[in-house]
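Computed over heavy atoms, backbone and side chain alike; hydrogens, waters and symmetry mates excluded. First listed ligand is number 1; within each ligand, the first listed atom is number 1. Counting from 1, the numbers follow the sequence of the chain as shown.
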Amino acid sequence: MKYVSTRGSAPALGFADVLLAGLADDGGLYVPDTWPQLSPGTIAGFAGQPYAVAAHDVIAPFVAGEIAEADLRRMCNEAYATFRHRATAPLVEIGPGAWVLELFHGPTLAFKDFAMQLLARLMDHVLARRNERITLLAATSGDTGGAAVEAFAGRSNIDLFVLFPEGRVSPFQQRQMTTTGAANVHALAVKGTFDDCQAMVKAAFNSRDIRRRLAITGVNSINWARIVAQVVYYFTAAVALGAPRVPIAFSVPTGNFGDVFAGYVAKRMGLPLAKLIVATNVNDILARTLATGRYETRGVHATTSPSMDIQVSSNFERLLFEACGRDAATVRRLMAELGTSGSFAIDPVPLAAIREDFAGGMADETEVAATMAETVRETGFLPDPHTAIGIAVGQRFRQPGTPLVALATAHPAKFAAAVEAATGRTPPLPEGFAHLMSGKETLTVIASDQRSFEDYLLSHAGAVKNEV
Ligand SMILES: *Cc1c(COP(=O)(O)O)cnc(C)c1O
């Protein structure tokens, strides 16, 4: 299978190259040139299978010809063996026809583990076969960094540099990044904000000197391999509730549009789905786009669901490409408009296509708190703020006879303060995390200064090219 860029002028690449590239070199995002199809019989066959087996079967067509069957099977087994729940992604009923899909049983208690655990193994495998080494850069406001460190710690062919704003992540989040003891992980506490961290990573990616001397890539949610790993749980959850006979609706707490786009991929592969519900917090660019057809950036507001506090939603470009009939010239034009004016309008035909598959809505902070309190009171299930947004917005689109699944994207203990304030309950930390708060921390404090960062990078990366 080949992958093409949404902007149409980067070379088509195979899976392994797309995995290591992240972003396409024309600034676009990679998508498969065709959508593999799974028959109703194959889909029904996922019922009762171990999660890792379904993962292999869903992912296999996307890596065909590049990763051997047995290797993919082994990596799926290893990645999902790190989860603490036997079902990996268990469904919990919270009302008649209403369910939550618990995606927080991985090593860092957030759904990002589903993608990151597999991504790390895939990258290490491809690099080992090519006898190459790579440097990963990530800026984090907390969650992505922890999931990346947990997944990449100890991988032989990868150095990970993760930048976080000093004093602005929770002690739990910081310790997830600083206590692995792994020599290939570099946790950098930046004297600045998350935006400073992001700007430093971006500048390093754009630095010709760095690019000449280091093979660098990113692990953010535009990496195709992260999307593909997330397609799996849409299949396993839908099948458990009667698919492919019955269409299922999913409500997805959304920021960068990676998770809900994975649901769209499942649909394109043959899984019958009712609406995919895009649930946002007050940073509601996507809910507004669905309502008005205009994609328009505004400032970012800090909320109790920080992993959804975004200004632009990168993966939306993939949907735009599909909705415009894969017309890369149109995508290029709209993205250029976004760059110059901060907005663009979607034409009526692609907008209608998007509304065919997606519905959307926003929940503000009052509604999020009320939903946390009401859900635990009425059902016993204690949602974190991100999950509460999925539940609240999902409820508005309930259709009789169609099961509705809200994705539970983080464990409530990860956002304990907000959960406590809304519900009066203290979510207990699951077993096995006590070591985190007592382990030895290794981190380096650096100034919010490009020069210090790049010097550090060049003197600590294991794969500096000496010929200049
Ligand atoms: C990243 C994240 C989201 C948003 O997912 P996207 O793929 O960016 O839309 C939602 N909830 C939690 C807890 C997250 O960490």
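- Between Glu431 and Arg84, no side-chain nitrogen of the basic residue sits less than 4.0 Å from a carboxylate oxygen of the acidic one, so the salt-bridge criterion is not met.
- Under the rule for a salt bridge (charged side-chain N to carboxylate O under 4.0 Å, His left out), the partners of Asp357 that lie at least two apart in sequence or sit in another chain are Lys267.
- Taking the six-membered ring where tryptophan is involved, the planes of Phe344 and Tyr295 are essentially parallel, since the angle between them stays under 30° and well short of 60°.
- Judged by distance alone, the side chains of Arg121 and Gln117 do bring a donor and an acceptor atom under 3.5 Å apart.
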Which pairs of N or O atoms, one from ligand 1 and one from the protein, are separated by less than 3.5 Å, and what is the distance for each pair?
unit_1	atom_1	unit_2	atom_2	d
ligand 1	7 (O)	Gly258	N	3.2
ligand 1	7 (O)	Asp259	N	2.9
ligand 1	8 (O)	Asn256	N	2.8
ligand 1	9 (O)	Gly255	N	2.8
ligand 1	9 (O)	Asn256	N	3.2
ligand 1	9 (O)	Phe257	N	3.0
ligand 1	11 (N)	Thr409	OG1	2.9
ligand 1	15 (O)	Lys112	NZ	2.5
ligand 1	15 (O)	Ser307	OG	3.4

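- Counting only N and O atoms by type, the side chains of Thr108 and Gln176 include no donor and acceptor under 3.5 Å apart.
- Between Arg326 and Glu322 there is a salt bridge, since a side-chain N of the basic residue sits under 4.0 Å from a carboxylate O of the acidic one.
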